[in-house]
Amino acid sequence: QMCIRDSFYRIWFRNFFLKKMEYMDYVDLKYRPEKDDLICEFYVKPSKSIEEAAGAVASESSTGTWTEVKAPERVKKISAKVFSIKGNYIKIAYPLQLFEPSNVPQILSSVAGNIFGMKEIKALKLLDVSFPKKIVREFKGPLFGIPGVRKLLKVKERPLVGTIIKPKLGLTAREHAKRAYQAWIGGCDLVKDDENLTNQKFNQFKKRVIETLKLKEKAERETGERKAYLPNITAETKEMLRRARFVKENNGTYVMVDIITAGWSSLQTLREENESLSLVLHAHRAGYAALSRNPRHGISMLVIAKIARLIGLDQLHIGTIVGKMDTPKREVVAIDQEIEKSIIRSDKAGHILEQEWFHIKPMFAVCSGGLHPGHVPYLIKRLGKNIVLQFGGGIHGHPLGTESGARAVRQAVNAALEGIPLEEAAKKQKELKLALERWKKIYY
């Protein structure tokens with residue numbers, strides 16, 4: 001029995017140290033990434049050694065495993081390499097050969113797959129990904145993006161104003177359409193479904209689309225402005241495509257989809273189908289915080305945003321800094337710039353890795369979540385004019401109702417763009433005055 005026990009421990013220790021040596025083979029701090037490498041930055045809280053944990057991440061996300069396995073020399077050449085370790089932050093370079101360049105699920109299964117459950121780490125967060133040109137060129141990116149949306153709506157410079165119909169569930173199709181109409185004539189450019197409204201018995205998808213688009217056209221005639229309705233088509237992929245086609249057949253111009261819960265494969269399929277449909281694709285990020293909210297574990301919203309732009313969504317919820325959601329200012333500003341600019345440089349403002357977007361158009365950033373007119377000056381000052389300011393309760397909860405709520409927002413936008421304090425503008429505009437009295441605080 002002692003011989004069996006001693007043999008067991010010898011094998012265990014041999015495998016343990018071989019595993020440690022195997023992981024260290026993936027650490028090369030002298031390596032300089034090739035131009036075609038995909039680069040990731042992670043925060044790592046190691047169980048023991050940061051070097052071992054870093055090597056374990058690089059190994060598991062590329063060519064390695066938990067024990068020594070004989071492999072041809074060419075396999076080692078395409079292994080991931082940890083090339084930077086600074087405190088708990090590591091950078092890993094992945095050779096292009098590891099990926100199917102047009103396959104988002106496969107890329108994420110590699111760099112954001114098994115690694116989060118490894119014993120060598122206590123916590124791990126994928127902070128950023130830098131995609132090389134040979135991967136970026138495999139994707140079409142947004143069909144419309146900022147310039148296309150502005151052209152469609154004939155709004156050249158100001159921020160777009162949108163609303164989510166509230167209550168988010170419970171209204172009939174007709175009630176929903178009426179509330180949308182009130183928002184449009186009050187001044188909203190966009191009206192959208194909320195993330196969990198799809199095709200319930202009390203408000204069926206097809207009836208809602210027909211009723212709401214009918215009143216959209218009425219609002220356009222009465223206001224002389226272009227309007228858009230964003231029905232939520234989120235469903236199983238084939239059904240989602242059927243719903244997108246139905247919107248197009250009924251002269252709709254937009255659809256929205258819950259990108260996290262729908263999944264990356266379905267988004268790639270939708271974007272391909274959209275070559276013929278030519279619909280603006282609005283991305284709701286419902287579920288993102290399950291991945292990103294923990295600052296030490298998961299996947300950052302920055303990574304999610306970059307993938308959405310790569311695949312080709314036209315608009316994306318990025319947070320608000322203020323409002324009801326826990327969205328740090330640094331993160332929101334970084335995402336806003338990441339989805340809008342052509343080239344991102346690594347800097348202290350929040351951009352972690354450099355990214356060049358080449359042919360990929362910029363996305364519209366959508367600020368949504370607990371907003372009211374008092375937030376408008378702050379958001380425009382910090383995020384600029386290329387944003388969609390989207391209000392739910394901050395429009396429908398106005399003391400005089402939805403139409404007045406929409407008017408109050410447009411009044412706030414106009415005042416902010418003209419450099420007029422909201423308190424001053426409110427003296428001549430009752431809708432804004434009542435909104436500020438209702439929600440009290442103004443942010444500058």
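Computed from a predicted structure; not experimentally measured.
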Give every donor-acceptor pair under 3.5 Å between a side-chain atom in residues 98-105 and any protein atom, sequence neighbours left out.
{"unit_1": "Glu100", "atom_1": "OE1", "unit_2": "Asn103", "atom_2": "ND2", "d": "2.9"}
{"unit_1": "Asn103", "atom_1": "OD1", "unit_2": "Gln106", "atom_2": "N", "d": "3.0"}

Heavy-atom closest pair, residues Thr65 and Glu22: O-CG, 4.1 Å
Which residues pass the side chain to side chain contact (heavy atoms under 4.5 Å, CB included) test with Lys329, not counting sequence neighbours? Ile321, Val333, Tyr378, Arg382
Criterion side-chain hydrogen bond (donor to acceptor under 3.5 Å, both in side chains) on Glu120 and Trp66, from CA distance to verdict: CA-CA 11 Å; Glu120 286 75 17; Trp66 65 276; over 6 Å; no
Measure from the side-chain N and O atoms of Arg345 to the backbone N and O of Glu354, and report whether any donor-acceptor pair falls under 3.5 Å. no
Atom pair CG (Leu291) and NZ (Lys125), whose distance is rounded to the nearest 0.5 Å: 9.0 Å
So the salt bridge (Lys or Arg N to Asp or Glu O under 4.0 Å) pairs with at least one residue in residues 178-190 (sequence neighbours excluded) are Arg158-Asp189
Is the side chain of Ser59 donor-acceptor paired with the backbone N or O of Gly55 at a distance under 3.5 Å, no angle test? no
Sub-3.5 Å donor-acceptor pair from the side chain of Asp128 to the main-chain atoms of Glu41, do we have one? no
Suppose the criterion is side-chain hydrogen bond (donor to acceptor under 3.5 Å, both in side chains): which pairs have a residue in residues 160-171, not counting sequence neighbours? Thr163-His396, Lys166-Asp194, Lys168-Glu195
Okay, side chain of Arg296, backbone of Ala123: is any donor-acceptor separation there less than 3.5 Å? no
Assess the residue pair Arg407 and Glu403 against the criterion (salt bridge (Lys or Arg N to Asp or Glu O under 4.0 Å)); give the C-alpha distance rounded to whole Å, side-chain angles, the decisive distance to 0.1 Å, and a yes or no. CA-CA 6 Å; Arg407 290 190 190 282; Glu403 183 179 341; 2.7 Å; yes
Only counting residues at least two apart or in another chain, list the ones meeting side chain to side chain contact (heavy atoms under 4.5 Å, CB included) with Glu51. Met24, Ser49, Ile85
Worked verdict on Glu220 versus Lys227 for salt bridge (Lys or Arg N to Asp or Glu O under 4.0 Å): CA-CA 6 Å; Glu220 287 178 329; Lys227 307 293 182 180; over 6 Å; no
Show me the donor-acceptor pairs, under 3.5 Å and distance only, between side chains in residues 360-369 and residues at least two apart or in other chains.
{"unit_1": "Lys361", "atom_1": "NZ", "unit_2": "Leu143", "atom_2": "O", "d": "2.8"}
{"unit_1": "Ser368", "atom_1": "OG", "unit_2": "Gln390", "atom_2": "NE2", "d": "3.1"}

Using modelled atom types only, decide if a donor and an acceptor are shared between the side chain of Glu175 and the backbone of Thr172 within a distance under 3.5 Å. yes
Show every ring pair (Phe, Tyr, Trp, His ring centres under 6.0 Å) that has at least one partner inside residues 110-163, sequence neighbours left out. Phe116-His297
Sequence-distant partners of Glu273, side chain to side chain donor-acceptor pair (under 3.5 Å), two or more places apart: Arg245
Can you see whether Tyr254 has Lys192 sitting over its ring - NZ or CZ less than 6.0 Å from the centre and within 45° of the normal? no
Taking all non-hydrogen atoms of both residues, which atom of Leu281 and which atom of Gly312 are closest, and how far apart? CD1-O, 3.9 Å
Could you tell me whether a side-chain N or O of Asn232 sits under 3.5 Å from a main-chain N or O of Thr198, the two making a donor and an acceptor? no
Do any N or O atoms from the side chain of Asp314 and from the backbone of Gly145 form a donor-acceptor pair under 3.5 angstrom? yes
Tyr31 six-ring centre to Lys81 NZ/CZ under 6.0 Å and within 45° of normal: yes
Using only atom types and a distance under 3.5 Å, with no angle test, would you say the side chain of Asn88 pairs donor to acceptor with the backbone of Tyr43? no
Evaluate the side-chain proximity of Trp184 to Thr212: yes if any heavy-atom separation is below 4.5 Å, no if none is. yes
Quick check: do Val255 and Phe246 have side-chain heavy atoms less than 4.5 Å from each other? no
Applying side chain to side chain contact (heavy atoms under 4.5 Å, CB included) to Lys133 and not counting sequence neighbours gives Phe358
Taking all heavy atoms of Met256 and all of Leu230, pick out the closest pair and write down the distance. CG-O, 3.6 Å
Sorted by chain and residue number, the side chain to side chain donor-acceptor pair (under 3.5 Å) partners of Trp264 (sequence neighbours excluded) come out as none
Between Ser84 and Tyr89, is the side-chain hydrogen bond (donor to acceptor under 3.5 Å, both in side chains) condition met? List the steps. CA-CA 8 Å; Ser84 174; Tyr89 296 88; over 6 Å; no
side-chain hydrogen bond (donor to acceptor under 3.5 Å, both in side chains) assessment of Glu222 paired with Tyr181: CA-CA 11 Å; Glu222 292 176 359; Tyr181 169 75; 2.5 Å; yes
Looking at Asp336 and Val332, would you say the former's side chain and the latter's main chain have a donor-acceptor pair under 3.5 Å? no
Can you name the ring pair (Phe, Tyr, Trp, His ring centres under 6.0 Å) partners of His317, sequence neighbours left out? His282, His284
Partners of Ala283 by side chain to side chain contact (heavy atoms under 4.5 Å, CB included), sequence neighbours excluded? Ile259, Leu313, Leu316
Look only at the side chain of Glu236 and the backbone of Glu239, and say whether a donor-acceptor pair between them is shorter than 3.5 Å. yes
Would you mind checking if Glu211 and Lys207 are paired as a salt bridge, meaning a charged N to carboxylate O distance below 4.0 Å? no
Nearest heavy-atom neighbours spanning Thr237 and Ser266: OG1-CB, 3.2 Å
